[in-house]
K.L.:
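I'd like to ask some things about the structure below.
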Amino acid sequence: PSVGIEAFLRDELPRYENIGTQVILSISGSEPVHYAEIAELVGDDPRIAALEMNLSCPNVGSGLPFSSDPQLLYDTVRQTRQRTPLPLYAKLSPNVTDIRVSCRAAEDAGADALTLSNTFRAMTIDIQKRRPYLGNLSGGMSGPGMLPLAVRMVYQVAQAVKVPIIGMGGIASAEDALEFILAGATAVSIGTANFFNPYATVETVRGIEEYMRRHKVDDINSLIGAVR
């Protein structure tokens, strides 16, 4: 649990003011109105570059992630869009039948970009105790194992929407990041790799630069969606 939006803006956000990069604020809630209320509280705070809606959170009403219901997803994004002037990103769950349906709903509702993808539902069992390791039975799987699955989703979605895609899921190197970019991602995000290699992001940037020099690529934008 976080400290809540009021405490975050008052006590936590000032720590990020001088880090020399833009801050994207991830927001979540258990009801559609929660996202809109948070967005309104943030307003047009110049310290925040964009809001990312984590729509993999379970909805109180159904117990399912917002991403699982296209109409609920649309309504939640639309309400939030109407309450903030900031760029709005929709982070979607991969645990759906067709991720393109969710993405089109978010785009139609006013999302400025899509974040793909959040973790996959997974389970692991303690064979000695004969019960799940996690008290909630299952949880979200991140890390290198999900990379091919996430790349496929980015490729599919890039053919179905017009808004930019932020690709994520198992990226640990320049080669991984380039797969996402070639599949159609405009930007990429590195998460789990930071835990086993604190230099992963720096090494990835340098690796992409080296790739561009080696292949005589002058503009990285020419690589976005280059795989057809």
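As the structure is a computational prediction, the values presented were derived from the model and not from experiment.
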K.L.:
Same hydrophobic cluster for Val227 and Ile208, using side-chain heavy-atom links shorter than 4.5 Å among ILVMFWY?
P.N.:
yes
K.L.:
For Ile19, is the CD1 atom crowded, meaning more than 12 foreign heavy atoms sit under 6.0 Å from it?
P.N.:
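It does: Ile19 CD1 has more than 12 such atoms within range.
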K.L.:
Quick one: side-chain hydrogen bond (donor to acceptor under 3.5 Å, both in side chains) pairs with a partner in residues 5-24, sequence neighbours left out?
P.N.:
Glu12-Arg15, Glu17-Arg47
K.L.:
For the CD1 atom of Ile38 and the CD1 atom of Ile5, what is their distance to the nearest 0.5 Å?
P.N.:
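One gets 6.0 Å once the value is rounded to the nearest 0.5 Å.
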K.L.:
If the condition is salt bridge (charged side-chain N to carboxylate O under 4.0 Å, His left out), which residues does Arg83 pass it with, not counting sequence neighbours?
P.N.:
Glu40
K.L.:
By side chain to side chain contact (heavy atoms under 4.5 Å, CB included), which residues pair with Thr76, not counting sequence neighbours?
P.N.:
Pro32, Tyr35, Met53, Leu55, Phe66, Leu72
K.L.:
Going hydrophobic residue to hydrophobic residue with side-chain gaps under 4.5 angstrom, can you get from Leu223 over to Met168?
P.N.:
no
K.L.:
Once side chain to side chain contact (heavy atoms under 4.5 Å, CB included) is applied, do any residues pair with Leu149, and if so which ones, sequence neighbours excluded?
P.N.:
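With sequence neighbours excluded, Leu149 shows a side chain to side chain contact (heavy atoms under 4.5 Å, CB included) to Phe120, given in chain and number order.
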K.L.:
Quick one: do Leu182 and Leu114 end up in the same hydrophobic cluster if we chain Ile, Leu, Val, Met, Phe, Trp and Tyr together by side-chain heavy atoms under 4.5 Å apart?
P.N.:
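Leu182 and Leu114: one cluster.
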K.L.:
Strictly by side-chain hydrogen bond (donor to acceptor under 3.5 Å, both in side chains), give each pair with a member in residues 182-192 just once, sequence neighbours left out.
P.N.:
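Matches after skipping sequence neighbours: Ser142-Thr192.
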K.L.:
Once rounded to the nearest 0.5 Å, what's the spacing between atom CZ of Arg206 and atom OG1 of Thr201?
P.N.:
11.5 Å
K.L.:
For Ser26, run the side-chain contact (heavy atoms from CB on, under 4.5 Å) check against Asn54, Thr115, Leu51 and tell me which one passes.
P.N.:
Asn54
K.L.:
Measuring from Arg131:CZ to Leu137:CG, what's the distance to the nearest 0.5 Å?
P.N.:
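The distance works out to 11.5 Å.
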K.L.:
Among all residues two or more places apart in sequence or in another chain, which pass the side chain to side chain contact (heavy atoms under 4.5 Å, CB included) test with Asn197?
P.N.:
Tyr199, Ala200, Glu203
K.L.:
Quick one: are Leu13 and Asp45 in side-chain contact, heavy atoms under 4.5 Å?
P.N.:
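Touching, per the 4.5 Å side-chain cut-off.
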K.L.:
Does any part of the side chain of Leu92, heavy atoms only, come nearer than 4.5 Å to the side chain of Leu73, both counted from C-beta?
P.N.:
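Yes; the side chains approach each other to less than 4.5 Å.
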K.L.:
Taking side-chain hydrogen bond (donor to acceptor under 3.5 Å, both in side chains) as the cut-off, I'd like each qualifying pair that reaches into residues 164-180, sequence neighbours left out, listed once.
P.N.:
Ser173-Glu175, Ser173-Asp176
K.L.:
Check residues 150-162 and write down every donor-acceptor pair under 3.5 Å in which the side-chain atom is one partner and the other belongs to a residue at least two apart or another chain.
P.N.:
from	atom 1	to	atom 2	distance (Å)
Arg152	NH1	Gln156	OE1	2.8
Gln159	NE2	Tyr155	O	3.2

K.L.:
Tell me the closest heavy-atom pair linking Ile99 and Ser93, and the distance in Å.
P.N.:
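What the structure gives for the nearest pair is CD1-O, 3.3 Å.
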K.L.:
Say whether Tyr74 and Val96 are linked into one hydrophobic cluster, either directly or through other cluster members, by side-chain heavy-atom distances under 4.5 angstrom.
P.N.:
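No, Tyr74 and Val96 fall in different hydrophobic clusters.
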K.L.:
Closest approach of Ile165 and Leu116, non-hydrogen atoms and distance?
P.N.:
CG2-CD1, 4.1 Å
K.L.:
Output all residues satisfying salt bridge (charged side-chain N to carboxylate O under 4.0 Å, His left out) with Asp112, sequence neighbours left out; order by chain, then residue number.
P.N.:
Arg81
K.L.:
Tell me, please, which residues at least two apart from Arg130 pass salt bridge (charged side-chain N to carboxylate O under 4.0 Å, His left out).
P.N.:
none
K.L.:
Closest approach of Ala39 and Thr84, non-hydrogen atoms and distance?
P.N.:
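For Ala39 versus Thr84, the nearest heavy atoms are CB-CB, 3.9 Å.
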K.L.:
Do Leu41 and Ile24 sit in one hydrophobic cluster, given that two such residues count as connected whenever their side-chain heavy atoms are within less than 4.5 Å of each other, even indirectly?
P.N.:
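No, it is not one cluster - the side chains of Leu41 and Ile24 are not joined through contacts under 4.5 Å.
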K.L.:
Less than 4.0 angstrom from a charged side-chain N to a carboxylate O is my criterion; do Glu210 and Arg213 meet it?
P.N.:
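Here Glu210 pairs with Arg213 in a salt bridge, since their nearest N and O are under 4.0 Å apart.
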K.L.:
Tell me, yes or no, whether the heavy-atom count around Asp126 atom CG, taken from other residues, nucleotides or ligands under 6.0 Å, exceeds 12.
P.N.:
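Yes, the 6.0 Å shell around CG holds more than 12 heavy atoms from other groups.
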K.L.:
Just grab all the ring pair (Phe, Tyr, Trp, His ring centres under 6.0 Å) pairs involving residues 201-228, residues at least two apart or on different chains.
P.N.:
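Non-adjacent pairs meeting ring pair (Phe, Tyr, Trp, His ring centres under 6.0 Å): Tyr211-His215.
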K.L.:
With distance as the sole test, does Asn95 use its side chain to make a donor-acceptor pair with the main-chain N or O of Arg121 at under 3.5 Å?
P.N.:
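Yes, the answer is positive, given that a donor and an acceptor are paired below the 3.5 Å cut-off.
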K.L.:
What's in the same ILVMFWY side-chain cluster as Met123, cut-off under 4.5 Å, chained through other members?
P.N.:
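Members besides Met123, by chain and number: Ile125.
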K.L.:
Are side-chain N/O atoms of Asp75 and Gln71 paired as donor and acceptor at under 3.5 Å?
P.N.:
yes
K.L.:
Can you name the closest pair of heavy atoms from Pro70 and Val101 and give their distance?
P.N.:
CG-CG1, 3.6 Å
K.L.:
Looking only at heavy atoms, what is the nearest atom pair of Ala185 and Gly167, with distance?
P.N.:
CB-N, 3.8 Å
K.L.:
To the nearest 0.5 Å, tell me how far Thr124 OG1 sits from Leu134 CG.
P.N.:
7.5 Å
K.L.:
Specify the closest pair of heavy atoms between Leu86 and Ile48, including all atoms of both residues, with the distance to one decimal.
P.N.:
CD2-O, 3.6 Å
